[in-house]
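Lettering follows sequence order; numbering is per chain, from 1.
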Amino acid sequence: MPGWPELEGPVLDVAPRLLGATLRHGDVAVRLTEVEAYDGPDDPGSHAYRGRTRRNAVMFGPSGVLYVYFTYGMHHCANVVVGPVDRPSAVLLRAGEVVDGLASARARRRGSDRDLARGPARLCQALGIDLSHDGTDLSRGDLTLTLTDSPGGDVSAGPRVGLRQAAERPWRFWLTGEPTVSTYRPAAPLRRRPG
DNA sequence: GTTGCGATGCGCT
DNA sequence: GCGCATCGCAACA
């Protein structure tokens, strides 16, 4: 199947081009301000690094599809699938600015407007995205991605957030100076519980 | 602004 | 069983 031509290139090229794009679900729209690249077969930090499983299956499909996963027992995170079929790459949507449907987004989340979609799980919450949206084609329907020619600002790059594997790769991209970009927190070593 | 830590359930070894 | 592409809250600066 065709996929989405603008998203077919290498993930490191495509990821920064998603900055400034708009993800809309129903009446809520978010302008993306921070994203992170995952390059399946060569990336120890990627869900697809160890091959295809039930969870990561949509990463192996056509570009322009949403990959949603559930983590920490309570949070959802959303990615845009990128690259050709069988190259399981994706771009994690880390943060954005709510540009439409503010009332609906506020109803789903507590906190300041700036924080509504600041962080990958918050972004999903503000947009009402969950596992039922895994595999959704973003080119049509109720959940859509609209690309932009210009991100609307300078792009910065730096280390990925929250990973223990290959976090040092500078594969996180954000719009310089945007207040909605999530605060950087490196992955912490796990402490073993006593007993 | 920062750091520390518990919540909570599923995917994977 | 272990670990997680996280968050919110408390405490501190």
Donor-acceptor pair (no angle test) under 3.5 Å: Arg185(A) side chain, dG8(C) base: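 Side chain to base: pair present.
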
Any side-chain N or O of [X] under 4.0 Å from OP1/OP2 of [N]?
| X | N | answer |
| --- | --- | --- |
| His75(A) | dT8(B) | no |
| Thr183(A) | dG1(B) | no |
| Arg110(A) | dC7(C) | no |
| Arg109(A) | dC7(C) | no |

Nearest-angstrom distance from the residue atom [atom1] of [X] to [atom2] of [N]:
| X | N | atom1 | atom2 | value |
| --- | --- | --- | --- | --- |
| Met74(A) | dG3(C) | CE | C1' | 13 Å |
| Leu93(A) | dA5(C) | CG | C1' | 12 Å |
| Tyr69(A) | dG9(B) | OH | P | 18 Å |

Would you indicate which nucleotide in [options] comes nearest to any side-chain atom of [X]?
| X | options | answer |
| --- | --- | --- |
| Tyr72(A) | dA5(C), dC4(C), dG4(B) | dC4(C) |
| Tyr38(A) | dT13(B), dC7(C), dA5(C) | dA5(C) |
| Phe70(A) | dC10(B), dA7(B), dC9(C) | dC10(B) |
| Arg164(A) | dC4(C), dG11(B), dT6(C) | dC4(C) |
| Thr53(A) | dA5(C), dC12(B), dT8(B) | dC12(B) |
| Arg50(A) | dA7(B), dG11(B), dT13(B) | dT13(B) |

*asked:* According to a hydrophobic-cluster definition based on side-chain heavy atoms being under 4.5 Å apart (Ile, Leu, Val, Met, Phe, Trp, Tyr only), do Leu93(A) and Leu143(A) belong together?
replied: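 Both belong to a single hydrophobic cluster.
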
Looking across every strand, which nucleic acid part, if any, lies under 4.0 Å from Gly119(A) by heavy atom: base, sugar-phosphate, or nothing?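 Sugar-phosphate, no base atom in range.
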
Next item on the list: Pick base, sugar-phosphate or nothing for Leu92(A), based on heavy-atom distances below 4.0 Å to the nucleic acid.
Entry: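 Counting heavy atoms under 4.0 Å across all strands, the contact made by Leu92(A) includes a base.
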
### Polar side chain donor-acceptor pair, Ser156(A) to Thr176(A), under 3.5 angstrom
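Looking only at side-chain atoms, Thr176(A) and Ser156(A) do form a donor-acceptor pair, the distance falling under 3.5 Å.
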
Out of Val58(A), Leu145(A), Asp137(A), Ile129(A), which residue meets the side chain to side chain contact (heavy atoms under 4.5 Å, CB included) rule with Leu66(A)?
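Output: one option passes, namely Ile129(A).
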
Q.
Determine whether Asp42(A) and Arg169(A) satisfy the following criterion, salt bridge (Lys or Arg N to Asp or Glu O under 4.0 Å), listing intermediate values before the conclusion.
A. CA-CA 12 Å; Asp42(A) 306 321; Arg169(A) 301 187 185 192; over 6 Å; no

- Check the angle between the aromatic planes of Phe70(A) and His76(A) and answer parallel, tilted or perpendicular using the 30° and 60° thresholds.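 Geometry flag for His76(A) against Phe70(A): tilted rings.
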
